[in-house]
Amino acid sequence: FQHMYARLLGQPSSGEIGTETTMGSAVSDYPLISLLLLEWYTARTGEAEPASSYYDGYCHMLQRVLSRRQEDGLLAEQRSFIDWTPMERTGRLTALHALVVGAFEAMARLSDRLGRGEAERWRREADAFRQVIRLHCWDAEAGAYRDGFKDGEPLPDHYPASSAWPVVFGVTSPEQDAAIARHLTGELTHLSGGPRETRTGPYGAWYVFGALYRLGLADVAEAYMRRQWGRMVLAGADTAWEDFGTLNSYCHAWSGSPTYYLSTRVLGVELGWPEPADPSRLTIAPESATLDWARGTVPHPAGPVHVSWRLAGDCLHVDASVPEGVTWRVAPRGRLAGKQLWVNGRLQA
């Protein structure tokens with residue numbers, strides 16, 4: 001993080017991040033993601049000092065983003081990481097533009113929290129990019145967002161990342177969401193190809209899962225977990241591989257997204273991403289299309305949250321232990337929402 005910040009300010013720093021253009025003349029996805037991380041950390045912990053120290057540097061970064069905006073409202077071509085697949089990663093990419101929306105929204109929340117008085121400015125920029133993405137990048141015939149543009153021409157493909165990132169960062173309209181739900185269901189039903197030759201990889205799955213759950217596709221998300229990560233389990237692994245195959249690392253942090261979504265969706269303990277949440281007011285919203293029980297412990301700034309739930313006929317029994325001082329409620333989603341709800345042995349009205 002310190003290395004990224006030094007590069008934001010144009011200061012010398014050893015090592016590289018991602019690609020050679022990540023922090024050069026172009027501002028690509030990794031530095032923008034670091035802003036999301038900073039805002040999330042600040043919201044979860046209430047610690048303002050790191051964000052206060054870094055705020056001006058991130059203002060500088062976002063100004064560089066705006067300096068690359070062209071007449072049509074899209075950014076100039078640059079290289080991004082996005083996902084480790086054969087998708088084109090140099091150009092005016094839809095996923096990167098969606099991330100820019102998320103970055104401006106995160107900066108607006110930081111401005112509010114720090115009392116900087118610039119939140120409305122950042123939100124206006126987010127709205128401007130949101131409208132431009134919808135105008136230029138949506139492919140109505142395909143029912144999905146195209147990957148973007150390169151050399152003045154639209155890219156011909158519609159990789160899952162190109163629609164998942166707009167969903168996660170709040171770019172899409174309700175009509176687009178319905179079409180994207182069909183598109184992602186088709187894309188993820190029969191994934192094929194070797195490591196880094198598939199339509200989406202473990203890194204990109206973080207955003208794909210976020211989109212699936214936002215679209216109400218818990219069934220597709222759970223099938224995706226079983227099919228892709230189940231291969232690792234069946235191979236005897238107790239860690240998550242870098243790829244859906246055996247090309248590289250057998251223990252890779254970026255492949256751990258099922259753990260996050262099993263915590264935040266199946267157990268239902270909200271952790272403030274993709275949707276911002278107040279840590280002092282916790283919602284436990286279990287959701288599953290295929291499971292009849294789940295239990296686990298989820299870290300919270302105030303202490304561990306223990307949750308277990310089980311279905312018994314038309315009843316959903318939820319047992320939860322929440323740190324002292326945290327206001328909480330249980331609000332099941334999806335298939336579990338229509339059940340008679342019991343919380344810690346008491347029937348809920």
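What you see is a predicted model, and the numbers here were worked out from it, not measured in a lab.
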At what distance, to the nearest 0.5 angstrom, does NE2 of H158 lie from CG of D139? 3.5 Å
Would you kindly say whether E77 and T90 are connected by a side-chain donor-acceptor distance under 3.5 Å? no
After noting the C-alpha distance and the side-chain angles of L93 and L155, does the key distance pass the side-chain contact (heavy atoms from CB on, under 4.5 Å) rule? CA-CA 9 Å; L93 303 183; L155 292 168; 3.9 Å; yes
Aromatic ring pairing Y145/W138, orientation class (parallel under 30°, perpendicular over 60°, tilted between): perpendicular
From CA spacing to verdict: ring-ring contact (aromatic ring centres under 6.0 Å, His included), W206, W273: CA-CA 11 Å; W206 172 261; W273 200 92; 5.0 Å; yes
Does the pair D29 and I82 meet the rule for a side-chain contact (heavy atoms from CB on, under 4.5 Å), with working shown? CA-CA 7 Å; D29 44 345; I82 308 300; 3.8 Å; yes
Return the minimal non-hydrogen interatomic distance between R134 and S173, and the atom names on each side. NH2-N, 3.9 Å
Straight-line distance of L212 CG to R214 CZ, nearest 0.5 Å: 12.5 Å
Just do the side chain to side chain donor-acceptor pair (under 3.5 Å) check on E222 and S288 with the steps written out, would you? CA-CA 8 Å; E222 291 174 5; S288 177; 2.8 Å; yes
Going by heavy atoms in the side chains, are L282 and E270 under 4.5 Å from each other? yes
Is it true that E88 and Y159 share a donor-acceptor pair across their side chains at a distance under 3.5 Å? no
Do the side chain of H300 and the main chain of P279 share a donor and acceptor less than 3.5 angstrom apart? yes
Salt bridge (Lys or Arg N to Asp or Glu O under 4.0 Å) evaluation trace for R265 with E275: CA-CA 12 Å; R265 289 295 183 159; E275 299 88 358; 3.6 Å; yes
If we count only N and O atoms by modelled type, under 3.5 Å, do the side chains of E47 and Y41 hold a donor and an acceptor together? yes
As an exercise, state the distance from CG of L262 to CE of M225, rounded to the nearest 0.5 Å. 4.5 Å
Whichever hydrophobic residues join V132 through chains of side-chain contacts under 4.5 Å: L74, F149
Is it the case that S111 and E118 place a side-chain donor and acceptor less than 3.5 Å from each other? no
In this structure, CG of L62 is separated from CG of L35 (nearest 0.5 Å) by 6.0 Å
Hydrophobic clustering (ILVMFWY, side-chain heavy atoms < 4.5 Å, transitive) - are W40 and L36 grouped together? yes
Does the Lys NZ or Arg CZ of R123 fall within the cation-pi geometry relative to F104 - under 6.0 Å from the ring centre and within 45° of the axis? no
Check the surroundings of atom CZ in R227: do more than 12 heavy atoms from other residues, nucleotides or ligands lie under 6.0 Å from it? yes
E49 backbone acceptor or donor facing S52 side chain under 3.5 Å: no
Just checking, is any N or O donor in the side chain of R335 or T290 under 3.5 Å from an acceptor N or O on the other one? no
P86 and T198: which non-hydrogen atoms are nearest, and at how many Å? CD-O, 3.4 Å
Not counting sequence neighbours, which residues clear ring-ring contact (aromatic ring centres under 6.0 Å, His included) with F209? List them please. Y224, W229, Y261
With the threshold set at 4.0 Å, does a side-chain nitrogen-carboxylate oxygen contact exist between D83 and R199? no
From Q78 atom CD to R68 atom CZ, the distance as rounded to the nearest 0.5 Å: 4.5 Å
Taking the six-membered ring for Trp, is the centroid-to-centroid distance between W241 and W254 below 6.0 Å? no
Count the heavy atoms of every other residue, nucleotide or ligand shown that sit under 6.0 Å from CZ of R226, and state whether that count exceeds 12. yes
Would you say CH2 of W328 has more than 12 non-hydrogen atoms from neighbouring residues, nucleotides or ligands within 6.0 angstrom? yes
Output, in order, the C-alpha distance, side-chain angles, deciding distance and verdict of side-chain contact (heavy atoms from CB on, under 4.5 Å) for L66 and F129. CA-CA 10 Å; L66 294 174; F129 274 103; 3.9 Å; yes
Heavy-atom distance under 4.5 Å between the side chains of R109 and R113, does that happen here? no
Among V330, I284, D319, side chain to side chain contact (heavy atoms under 4.5 Å, CB included) partner for V343: V330
Taking the side chain as every heavy atom from C-beta outward, state whether D157 and R146 have any atom pair closer than 4.5 Å. no
Residues W122 and E120: side-chain donor-acceptor under 3.5 angstrom: no
Indicate whether the side chain of Y58 and that of S34 have a donor and an acceptor atom separated by less than 3.5 Å. yes
Say whether, by atom type as modelled, one donor and one acceptor occur between the side chain of R92 and the main chain of L75 under 3.5 angstrom. yes
Do the two ring centres, one from F244 and one from W84, sit under 6.0 Å apart? no
Does D72 CG have over 12 foreign heavy atoms under 6.0 Å away? yes
Heavy atoms from other residues, nucleotides or ligands near CZ of R333 exceed 12 (cutoff 6.0 Å): yes
For the residue pair S280 and D278, confirm or rule out a side-chain donor-acceptor distance under 3.5 Å. yes
Checking side-chain polar atoms at under 3.5 Å, does S162 have a donor or acceptor matched by the opposite partner on T94? no
